Amino acid sequence: MKQRLAVIDFETTGITPGPGCRATEIGIVLLEGGQIVDRYQSLMNAGVRVPAMIEQLTGISNAMLRSAPPVAQVMREAADFVGSTPLVAHNASFDSKFWDYELAQLGRSRPQAFACTLLLSRRLLPQAPDHKLGTLTRWAGLPATGRAHRALADAEMAANLLLHLGSTLRQRHGIAPAHELLCKLQKVPAAKVAQFLSATPA
DNA sequence: TGCCAGGCCCTCTTTAGGGCCTT
């Protein structure tokens, strides 16, 4: 995987972005040549309260956010850090909603596509016990990256999973795992994955 | 007051329902 890719993960106050539900932390890992070449991580203060259940899940407290930099500053830095690099996330439908919502608050929009390691692992690792990020990391013997449900640790886990999926494509199917191909593969109906892979030139 | 996502994927399906996955 020689291409440069940005793997991102958000911690948030809930499931659906909106005035009362905002990002609280972002972690970004840049991959190039199969290696992590750069990282970005920051808490961010969007002026919303973290529900107790979320604080328990992530360890991110209201006190931590009070002293965090403003959301606009962090998202501006994050968007500049990523630029037009193709994006990847685990369950990208979730992270892309927050990425797009928070960029829209700055009057910015996303130029690039998201690849999704959840959709890809359902297609390439159907034998896994489930497709949660933590389960896949342990099941595939990938390195521990720190406290789960913190943005940079989860982004690194997703990056390691992406590299594992790339190796699977290359070794098992002789296919180079370019971002454009990953975006196509994740949309192929699960029942037609084998047919798609065998028809894809190496 | 009470409500609270949504896209994907499977099946006891397609005029539907429920589990998965993210916080």
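In the text below, chain A, chain B and the rest are named by the order of the sequence lines, each starting its count at 1. Small disclaimer: the values here were computed from a predicted structure and weren't measured. The figures here come from the full heavy-atom set of this structure, side chains too, leaving out hydrogens, waters and symmetry mates.
- The P atoms of B:dC8 and B:dC4 are separated by 22 Å, rounded to the nearest whole Å.
- Going from the C1' atom of B:dC12 to that of B:dG18 covers 12 Å, rounded to whole Å.
- Distance alone, capped at 3.5 Å, is enough to place a donor-acceptor pair between the A:T24 side chain and the A:E11 backbone.
- Between the CZ atom of A:R150 and the P atom of B:dT23 there is a distance of 13 Å, given to the nearest Å.
- Across all strands shown, A:T58 has heavy atoms under 4.0 Å from sugar-phosphate atoms exclusively, and none from any base.
- Comparing B:dG6 with B:dT1, their P atoms are spaced 25 Å from each other, to the whole Å.
- When the side-chain nitrogen and oxygen atoms of A:H90 are compared with OP1 and OP2 of B:dC21, none of them lie within a distance under 4.0 Å.
- Contact annotation for A:F98: no contact, since no heavy-atom pair falls under 4.0 Å across all strands.
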Show the distances under 3.5 angstrom between N or O atoms of the protein and N or O atoms of nucleotides 5-9 of chain B.
residue: B:dA5; atom: O4'; partner: A:T16; partner atom: OG1; Å: 2.7
residue: B:dC9; atom: OP1; partner: A:R123; partner atom: NH1; Å: 2.4
residue: B:dC9; atom: OP1; partner: A:R123; partner atom: NH2; Å: 2.2
residue: B:dC9; atom: OP2; partner: A:R123; partner atom: NH2; Å: 3.0

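- Per the geometry, CG belonging to A:L125 stands 15 Å off C1' belonging to B:dC21, to the nearest Å.
- No donor-acceptor distance shorter than 3.5 angstrom exists from the side chain of A:H149 to the backbone of A:Q56, with no hydrogens or angles considered.
- Take the nearest nucleotide of DNA chain B for A:I54 and for A:A191: the residue whose nucleotide is more 5' is A:A191.
- Comparing the same atom, P, in B:dG7 and in B:dC3 gives a spacing of 23 Å after rounding to whole Å.
- On the C1' atoms, B:dT13 is 9 Å away from B:dG17, given to the nearest whole Å.
- A salt bridge links A:R22 with A:E102: at least one charged nitrogen is closer than 4.0 Å to a carboxylate oxygen.
- Annotation: B:dT23 and B:dA5 have their C1' atoms spaced 11 Å apart (nearest Å).
- Every residue meeting the salt bridge (Lys or Arg N to Asp or Glu O under 4.0 Å) condition with A:R108, not counting sequence neighbours, appears here in chain and number order: A:D80.
- The same atom, C1', is picked in B:dG19 and in B:dT15; the two are 22 Å apart, to the nearest Å.
- Heavy-atom minimum distance, A:G83 versus A:P111: O-CG, 4.5 Å.
- To the nearest angstrom, P of B:dT22 lies 11 Å from CG of A:L161.
- We find that NE2 of A:H131 is positioned 10 Å from P of B:dC10, with the value rounded to whole Å.
- With sequence neighbours left out, the salt bridge (Lys or Arg N to Asp or Glu O under 4.0 Å) criterion links A:R147 to no other residue.
- The backbone N or O of A:F10 lies less than 3.5 Å from a partner atom in the side chain of A:D95, making a donor-acceptor pair.
- If you take CG of A:L133 and P of B:dC20, they are 17 Å apart, rounded to a whole angstrom.
- Within 4.0 Å of A:D9, counting heavy atoms only, lie sugar-phosphate atoms of the nucleic acid but no base atom.
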